[in-house]
Participant: 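Here's a structure for you.
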Amino acid sequence: MRVKSKNESILIDEIGITTEIKYKDIDSILISSDDDANFPIEIIFYLTEPAKYYNSNNTILSKFSSFIMNLFNKYSLEIRVNTVEDNAKLVLLELKKNLNQNNEINDLNNIRNWIEISANIKIQGSKLIYSKNNLSLKDVLIKQNKLKI
């Protein structure tokens, strides 16, 4: 995985596909854990405008994949990046440089032990690391239809 910023966007390059997310389009970002997955850390971007996909190498498979992703994901306002700790740190470092983040995340080893309490609701293994409108984790999950009260 390669991560960099360019032209007011974060570029996340995985397996020949580059995902471009404009910083101004990021509404909120969550990080969570799934111990049973091959890639135990998930960074979830909630966007106001869809991300763009580009092929980062000139293979036919990469070109076809980026075309399909742009075609079918043009209305998707949720991007999930499943990765390992070292790659997650690269993404978080790039975000920290370019967004006004309040949360400092240094230790991803204990992510499954994180418990965030938001309006008396305990949410384990997840953390809100950015909210454009300073919403709480509970409010972000309700806004994204992930939590019903």
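Residue numbers count from 1 along this sequence. Not measured: the values here are computed from a predicted model.
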Participant: Passes side chain to side chain contact (heavy atoms under 4.5 Å, CB included), Leu30 versus Ile129? Steps please.
Facilitator: CA-CA 6 Å; Leu30 298 177; Ile129 59 171; over 6 Å; no
Participant: Please tell me whether Asp27 and Tyr46 have a donor and an acceptor in their side chains that are separated by less than 3.5 angstrom.
Facilitator: no
Participant: Side chain to side chain contact (heavy atoms under 4.5 Å, CB included), that's the test. Do Leu99 and Ile26 meet it? Break it down for me.
Facilitator: CA-CA 9 Å; Leu99 290 175; Ile26 298 174; 4.2 Å; yes
Participant: Which residues pass the salt bridge (Lys or Arg N to Asp or Glu O under 4.0 Å) test with Lys146, sequence neighbours left out?
Facilitator: Glu78
Participant: Among residues at least two apart in sequence or on other chains, which ones pass side-chain hydrogen bond (donor to acceptor under 3.5 Å, both in side chains) with Thr83?
Facilitator: Asn87
Participant: Do Ser136 and Asp139 have side-chain N/O donor and acceptor atoms under 3.5 Å apart?
Facilitator: yes
Participant: Which residues satisfy the side chain to side chain contact (heavy atoms under 4.5 Å, CB included) test with Asn7, sequence neighbours excluded?
Facilitator: none
Participant: Taking all non-hydrogen atoms of both residues, which atom of Leu128 and which atom of Ser28 are closest, and how far apart?
Facilitator: CD1-CB, 4.2 Å
Participant: Phe64: which residues meet the side chain to side chain contact (heavy atoms under 4.5 Å, CB included) condition with it, sequence neighbours left out?
Facilitator: Ile68
Participant: Grouping I, L, V, M, F, W and Y whenever their side-chain heavy atoms are under 4.5 Å apart, do Ile12 and Ile15 come out in a common cluster?
Facilitator: no
Participant: Once you round to the nearest 0.5 Å, how far does CG of Leu141 lie from OG of Ser126?
Facilitator: 7.5 Å
Participant: What are the two closest heavy atoms between Arg80 and Ile44, and how far apart are they?
Facilitator: NH1-CD1, 3.4 Å
Participant: Nearest heavy-atom pair of Pro50 and Leu47: which atoms, and what distance?
Facilitator: C-CD1, 4.4 Å
Participant: Do the non-hydrogen side-chain atoms of Tyr130 and Leu92 ever get within less than 4.5 Å of each other?
Facilitator: no
Participant: Starting from Met1, can I reach Ile17 by hopping between I/L/V/M/F/W/Y residues whose side chains sit under 4.5 Å apart?
Facilitator: yes
Participant: Keeping the roles fixed (side chain from Lys96, backbone from Val91), state whether a donor-acceptor pair exists under 3.5 Å.
Facilitator: no
Participant: If we ignore angles and hydrogens, is there a donor and acceptor under 3.5 Å between the side chains of Thr19 and Tyr54?
Facilitator: no
Participant: To the nearest 0.5 Å, tell me how far Leu95 CG sits from Tyr23 OH.
Facilitator: 5.5 Å
Participant: Mind checking salt bridge (Lys or Arg N to Asp or Glu O under 4.0 Å) for Lys63 and listing every partner two or more places apart, or none if nothing turns up?
Facilitator: none
Participant: Using salt bridge (Lys or Arg N to Asp or Glu O under 4.0 Å) as the criterion, list what pairs up with Lys22, not counting sequence neighbours.
Facilitator: Glu20
Participant: Could you walk me through whether Leu11 and Val3 satisfy the side chain to side chain contact (heavy atoms under 4.5 Å, CB included) test, starting with their C-alpha distance in whole Å, then the side-chain angles of each, then the deciding distance to 0.1 Å, before giving a yes or no?
Facilitator: CA-CA 6 Å; Leu11 304 173; Val3 180; over 6 Å; no
Participant: If you round to the nearest 0.5 Å, how far is CG of Leu90 from NZ of Lys4?
Facilitator: 13.5 Å
Participant: What residues form a side chain to side chain contact (heavy atoms under 4.5 Å, CB included) with Ser56, not counting sequence neighbours?
Facilitator: Arg2, Asp13, Thr18
Participant: Which residues pass the side chain to side chain contact (heavy atoms under 4.5 Å, CB included) test with Leu93, not counting sequence neighbours?
Facilitator: Lys97
Participant: Which value, rounded to the nearest 0.5 Å, describes the distance between Ser76 atom OG and Glu49 atom CD?
Facilitator: 12.0 Å
Participant: Checking Asn57 now: which residues fulfil side-chain hydrogen bond (donor to acceptor under 3.5 Å, both in side chains) with it, not counting sequence neighbours?
Facilitator: Thr59, Ser62
Participant: Once rounded to the nearest 0.5 Å, what's the spacing between atom OG of Ser5 and atom CG of Asn98?
Facilitator: 3.5 Å
Participant: Listed by chain and number, what are the side-chain hydrogen bond (donor to acceptor under 3.5 Å, both in side chains) partners of Asn55, not counting sequence neighbours?
Facilitator: none
Participant: Applying side chain to side chain contact (heavy atoms under 4.5 Å, CB included) to Val84 and Ile41, what does each step give before you reach the verdict?
Facilitator: CA-CA 6 Å; Val84 295; Ile41 296 175; over 6 Å; no
Participant: Can you name the salt bridge (Lys or Arg N to Asp or Glu O under 4.0 Å) partners of Asp25, sequence neighbours left out?
Facilitator: none
